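All remarks here apply to the structure that follows.
Note that the structure is a prediction, hence the values are computed from the model and not measured. A, B, ... follow the sequence lines: proteins, then strands. Residue 1 opens every chain. Values reported hereafter were calculated over all heavy atoms of this structure, with side chains retained and with hydrogens, waters and symmetry mates removed.
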Number of protein chains: 2
Amino acid sequence: MSDTQEHREEPDLPYDVFAKACPSRCTLENVTGRWGALTLGALHEGSLRFNELRRRVDGVSEKMLSQTLHALERDGLVHREAQPTNPPRVDYELTPVGREVAARLLELIHCVEGRMDDVLAARTAYDAHRA
Amino acid sequence: MSDTQEHREEPDLPYDVFAKACPSRCTLENVTGRWGALTLGALHEGSLRFNELRRRVDGVSEKMLSQTLHALERDGLVHREAQPTNPPRVDYELTPVGREVAARLLELIHCVEGRMDDVLAARTAYDAHRA
DNA sequence: CTGTATCCTTCTTGATACTG
DNA sequence: CAGTATCAAGAAGGATACAG
């Protein structure tokens, strides 16, 4: 009865994505964004080079991949390892925190993939009910 | 050796978010999008009315909440229950599939919230290294 | 209360070209 | 190979007004 908010099971956590100004919401967006989620998912299988990532994350442009990797590196989820060779070789891999986040993300991804038949059926029904 | 792609642990799944044209990528975006993730997270705690949701998902506009709810309903993740009273009362709740997805989503959210101290420290270090 | 419709601004994204 | 810079198009989002 000390708290006016009864929503959370863990009301003592200092960060709350449901609050507009909380930095955790920003990080969640980096993680779940269109390219962030796929990039983390791809890297969970092992370290990859820039163009390997580009091929794995089908449809991403150089610009967006670069931007996404910078954001994830800044948040300490991805580590960038550049070797001063010629031609240059740069490997990207998950940090320990990145691995934890990516593991949860992959569970979500696999859950969605595994339920797509239901989702597609629901869409068909929804669209039919409107026509 | 029947498959040229060695990335997935479950190569037989018919849906793959890493493929550009796969409908699962679209659904994943509805689920992990800026407002979709928070809406599903909020509804995991129980059914909510439109304006209750609006207050819980801090910062969302009427328009975006409406749009988000329609997309989630179409994908069969959210059920809309309208009561023909006056004033109108509409409750939104997760479907069984929606609950499964939201559960994974909340694990991800809690993971991110729980690691924010590391994330913020990484950001500070990253930014300092650039100044 | 529960939305829809419209306008208008901002942010995101993709294409292209270029550098080390 | 591994990016960065620039620009134009489009999507996303917010504010406001209005309807059932």
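Proximity of B:Thr85 to the phosphate of C:dC1: no side-chain N or O atom is located under 4.0 Å from OP1 or OP2. Taking 4.0 angstrom as the limit, B:Arg34 places none of its side-chain polar atoms (N or O) nearer than this to OP1 or OP2 of D:dA12. Considering only side-chain N and O atoms, A:Ser66 lies under 4.0 angstrom from the phosphate OP1 or OP2 of D:dT4. An OP1 or OP2 oxygen of C:dC1 is reached within less than 4.0 angstrom by no side-chain nitrogen or oxygen of B:Arg49. The phosphate of D:dC1 (OP1 or OP2) has no side-chain N or O of A:Tyr92 nearer than 4.0 angstrom.
Comparing A:Pro88 and A:Met64 against DNA chain C, the residue whose closest nucleotide sits nearer the 5' end is A:Met64. Nearest-nucleotide assignment on DNA chain D puts the 5′-proximal partner with A:Leu69, out of B:Glu62 and A:Leu69.
When rounded to the nearest whole Å, the span between CD of B:Gln83 and C1' of C:dT2 equals 13 Å. Distance, B:Asn51 CG to C:dT4 C1': 14 Å, rounded to whole Å. B:Arg130 places its CZ atom 12 Å from the C1' atom of D:dT4, with the value rounded to the nearest Å. For the pair A:Phe50 CZ and D:dT4 P, the computed distance is 8 Å after rounding to whole Å. Between the NE2 atom of A:His70 and the P atom of D:dG3 there is a distance of 7 Å, rounded to whole Å. D:dG3 atom P lies 13 Å from atom CD of A:Glu81, rounded to whole Å. Rounded to whole Å, atom C1' of C:dT4 lies 14 Å from atom CZ of B:Arg54. Distance, B:Lys63 NZ to C:dT10 C1': 12 Å, rounded to whole Å.
There is no side-chain donor-acceptor pair under 3.5 Å between B:Asp75 and A:Tyr126. A side-chain donor-acceptor contact under 3.5 Å links B:Thr27 and A:Arg123.
No donor-acceptor pair under 3.5 Å is formed between the side chain of A:Ser47 and the backbone N or O of A:Glu93. Here the side chain of B:Ser24 pairs no donor or acceptor atom with the backbone of A:Glu113 at under 3.5 angstrom.
Backbone-only engagement by B:Arg80 is indicated by non-hydrogen atom pairs under 4.0 Å involving sugar-phosphate atoms exclusively.
In this structure, CZ on A:Phe18 lies 8.5 Å from OG1 on B:Thr39, to the nearest 0.5 angstrom.
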